[in-house]
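Inspection log for the structure reproduced underneath, given as structure tokens.
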Amino acid sequence: MDLTLATALVAFAGVFLISFMRGAFGGGFAIVGIPLLSTVMDPVTTGGLLAPLFIAMDLYALRYWQASTWSKPDLVLLVPALVIGIGCGYLLFRILDHRAIAIVMAAITLAFVGLWFLRGGEVTVQPRSKPKALAAGFTSGITTMVAHSGGPPLAMYLLPLGLSKELYAGTTSLFFTVGNATKLVPWLLLVQPEAQVWALMAICLLAIPAGVWLGWRLHGALDQRQVYRACYGLLIVTALKLFWDGVSGYL
């Protein structure tokens, strides 16, 4: 990767967009900003760039998504499963077919959103399920490690619970704070960023405060229904991005 002005501007915009999504909807939709970054660097370099920046975003976002916005009964189940999933993802990183995982995850996500639309696009509250929580946390850990796509499994568990918009955002924010901190060292060991990537990280750090704050302001302006509709819409975008990553990888 050549550290040119164009590269710096595109990366800055991509990190700003990811930070904005972090502030508006908690964690889980970082993949929305990755296509922008992919125009100036390869996926592995992108992973190495974002791994430390995710930590900075998470820590800054906790300024807004504090303990009162965490759904603790869900996190007690989700977080341990997440850590185990990340460990498995690291061990299997060079063996698993990233393209196949992306396509399967995209298909499952689109089916989930499709069922929601068939039910009228309304939030129908479902009871908590320990097996579903453990499966969601574990799957999210693997997919976030392998394909930067831990958001869909978590969303598919949390959205049907009908949590308040603050609880949903705060819970996803803390979930991915733990996840990103856990996968930081494994990702840096796998990627080993060059000096230019570290310099680009320093530049992109400046985009985080404004991005998170503006996203948080948007969250406050939206009502419960609008936030949930936005989350389901973002799941479609995420699924399409994953599908394209998988298919283009084979092509």
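- Counting only residues at least two apart or in different chains, side-chain hydrogen bond (donor to acceptor under 3.5 Å, both in side chains) contacts with residues 150-168 comprise D74-Y157.
- Counting non-hydrogen atoms of neighbouring residues, nucleotides and ligands closer than 6.0 angstrom, the NZ atom of K72 exceeds 12 such neighbours.
- Linking Ile, Leu, Val, Met, Phe, Trp and Tyr residues whenever their side-chain heavy atoms come within less than 4.5 Å leaves L78 and L134 in two separate clusters.
- For the atom pair CG (L110) and CZ (F243), the distance works out to 8.5 Å, reported to the nearest 0.5 Å.
- In terms of heavy-atom proximity, I142 sits nearest to G85 at CG1-O, 3.4 Å.
- Under a hydrophobic-cluster definition in which Ile, Leu, Val, Met, Phe, Trp and Tyr are linked whenever side-chain heavy atoms come within less than 4.5 Å, directly or via other members, W244 and V104 are assigned to different clusters.
- Sparse packing is recorded around CZ of R217, with 12 or fewer heavy atoms of other residues, nucleotides or ligands lying under 6.0 Å away.
- Within the 3.5 Å criterion, the main-chain N or O of L163 finds a donor-acceptor partner in the side chain of Q224.
- As a member of the Ile/Leu/Val/Met/Phe/Trp/Tyr network built from side-chain separations under 4.5 Å, L9 groups with L5.
- Under the 4.5 Å side-chain contact rule for hydrophobic residues, W70 and V76 do not share a cluster.
- Atoms NZ and CG, from K132 and L161 in turn, are 9.0 Å apart once rounded to the nearest 0.5 Å.
- Taken together through direct or relayed side-chain contacts under 4.5 Å among Ile, Leu, Val, Met, Phe, Trp and Tyr, L174 and L77 form parts of separate hydrophobic clusters.
- Here the closest heavy-atom approach between residue A155 and residue P160 is recorded as O-CD, 3.8 Å.
- Counting only residues at least two apart or on different chains, no side-chain hydrogen bond (donor to acceptor under 3.5 Å, both in side chains) pair has a member in residues 199-212.
- S71 and T171 get closest at one heavy-atom pair: N-OG1, 2.8 Å.
- Contacts of S140 classified as side chain to side chain donor-acceptor pair (under 3.5 Å), with partners at least two apart in sequence or in another chain: none.
- Inter-residue side-chain proximity for L235 and P152 is flagged as met; some heavy-atom pair is nearer than 4.5 Å.
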Distance-only donor-acceptor pairs under 3.5 Å for side chains of residues 10-27, two or more places apart:
residue	atom	partner	partner atom	Å
S19	OG	V15	O	2.8
R22	NE	D58	OD1	2.8
R22	NH2	D58	OD1	3.0

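- Minimum interatomic distance between G48 and M201 (heavy atoms only, all atoms of both residues): O-CE, 3.2 Å.
- Qualifying side chain to side chain donor-acceptor pair (under 3.5 Å) partners for Y60, counting only residues two or more places apart in sequence or in other chains: R63.
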